[in-house]
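Here's the structure, in structure tokens; my notes come after.
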Amino acid sequence: MTWQPGFCSTSGGCLPDQPHDVLIGLHGLWASRPRSLIARGISAPQWWQRGCDYYHHSDRSPRLSPAMLQRLYHVMPHLKDSLLRHEYDKHVQCFGFDAPAFFDTELRMRRRVLDSAFGRYLIMTARGHTVRHADVIDAFMHAFGTHQSAALQLRCDDSRRGQVVLTQMWITLHTDALSRFPRHGALMNAPIAQDNCPASFRVPGW
């Protein structure tokens, strides 16, 4: 997921038509390496970099209904190059997933975070303040009843104002537990640490 005010405040920024009524946005749902690539010795970082391009590249947009496209358009960052098309090309199309079902799953999982105590903490307590990294992780663990502290990885970047701001929140799940998320047993510690936020950082508002 993205923290939209932070994500859009960094150097790349978002387009002027970015909605400002969304704080917790959607980046994507990223499948793990296929077994065929593991057998070829492709590392996880290599997979993160190229994704489905290991099989073939497609510039096609997913075939989705106008209603689904509008839902995604409302919650995804608006970038110069379509994030939706990029996510579909890199993380979806080579698996043969049903595109409407896949993106509906993404939207429902985002909604579960938004409606959780963790979502309320970010929006009601952390927004507009400098927070401690440890407090954000504690709020996540408490909200979802987990001891998997590395299931949440926070991503920060420098804003155009020179502040270190929260931009993304990556949650790692067991592959067979999407329907259970965020209930007990769905979360797992990320196998490779990618959290780059410092001990304290800003959670900006619009």
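Note that the coordinates shown come from a computational prediction; the quantities given were computed from them, not determined experimentally.
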Within-4.5 Å side-chain heavy-atom neighbours: [X] and [Y]:
X: F181; Y: L187; result: yes
X: P34; Y: Y54; result: no
X: F95; Y: C52; result: yes
X: F102; Y: Y88; result: no
X: L122; Y: V113; result: no
X: S200; Y: V131; result: no
X: R33; Y: Q46; result: no
X: F201; Y: T167; result: no

Do any N or O atoms from the side chain of [X] and from the backbone of [Y] form a donor-acceptor pair under 3.5 angstrom?
X: R155; Y: M169; answer: no
X: W3; Y: R127; answer: no
X: T2; Y: H27; answer: no
X: Q18; Y: P5; answer: no
X: Q4; Y: P19; answer: no
X: Q153; Y: Q194; answer: yes
X: R180; Y: R183; answer: no

Shared ILVMFWY cluster between L178 and F103, side chains joined below 4.5 angstrom? yes
Compare every heavy atom of [Y] with every heavy atom of [X], then report the nearest pair and how far apart it is.
X: N189; Y: T172; value: O-CG2, 4.4 Å
X: L15; Y: L79; value: CD1-O, 3.4 Å
X: I24; Y: G119; value: CD1-CA, 4.0 Å
X: S149; Y: I137; value: O-CG2, 3.8 Å
X: V136; Y: L154; value: CG1-CD1, 3.8 Å
X: A31; Y: W47; value: O-NE1, 3.0 Å

Distance-only criterion, 3.5 Å: show the donor-acceptor pairs between side-chain atoms of residues 58-69 and protein atoms not counting sequence neighbours.
residue: S58; atom: OG; partner: R60; partner atom: N; Å: 3.2
residue: D59; atom: OD1; partner: H57; partner atom: NE2; Å: 2.8
residue: S65; atom: OG; partner: M68; partner atom: N; Å: 3.1

May I have all residue pairs that pass ring pair (Phe, Tyr, Trp, His ring centres under 6.0 Å) and include part of residues 145-180, sequence neighbours excluded? W30-W170
Residue pairs involving residues 110-129 (criterion ring pair (Phe, Tyr, Trp, His ring centres under 6.0 Å); sequence neighbours excluded): F118-F140
Distance in Å, [X] [atom1] paired with [Y] [atom2], rounded so as to fall on 0.5 Å steps:
X: L107; Y: L72; atom1: CG; atom2: CG; answer: 4.5 Å
X: L83; Y: C14; atom1: CG; atom2: SG; answer: 9.5 Å
X: C8; Y: R160; atom1: SG; atom2: CZ; answer: 8.5 Å
X: D135; Y: H142; atom1: CG; atom2: NE2; answer: 13.0 Å
X: L23; Y: L114; atom1: CG; atom2: CG; answer: 8.5 Å
X: H78; Y: F7; atom1: NE2; atom2: CZ; answer: 11.5 Å

Contacts of R202 that satisfy side-chain contact (heavy atoms from CB on, under 4.5 Å) - sequence neighbours left out: T130, Q163, V165, P204
Walk me through whether D17 and Y73 qualify under side-chain contact (heavy atoms from CB on, under 4.5 Å). CA-CA 11 Å; D17 63 354; Y73 184 79; 2.6 Å; yes
L29/F97 under side-chain contact (heavy atoms from CB on, under 4.5 Å): CA gap, chis, key distance, verdict: CA-CA 12 Å; L29 181 61; F97 296 135; over 6 Å; no
Once the angle between the rings of H20 and W206 is folded into 0 to 90°, is it parallel (under 30°), tilted (30 to 60°) or perpendicular (over 60°)? parallel
For the residue pair H86 and H91, categorise the inter-ring angle as parallel (less than 30°), tilted (30 to 60°) or perpendicular (more than 60°). perpendicular
Any salt bridge linking R50 with D53? Criterion: basic side-chain nitrogen under 4.0 Å from a carboxylate oxygen. no
Apply side-chain contact (heavy atoms from CB on, under 4.5 Å) to I171 and M1, showing your working. CA-CA 8 Å; I171 298 175; M1 295 170 298; 3.7 Å; yes
Does anything in residues 103-113 pair up under side-chain hydrogen bond (donor to acceptor under 3.5 Å, both in side chains), and if so which pairs, sequence neighbours excluded? R71-D104, D104-R108, T105-R108, R111-D115
Pairs where residues 142-206 contributes a residue and the test disulfide (SG to SG under 2.5 Å) is met, not counting sequence neighbours: C156-C197
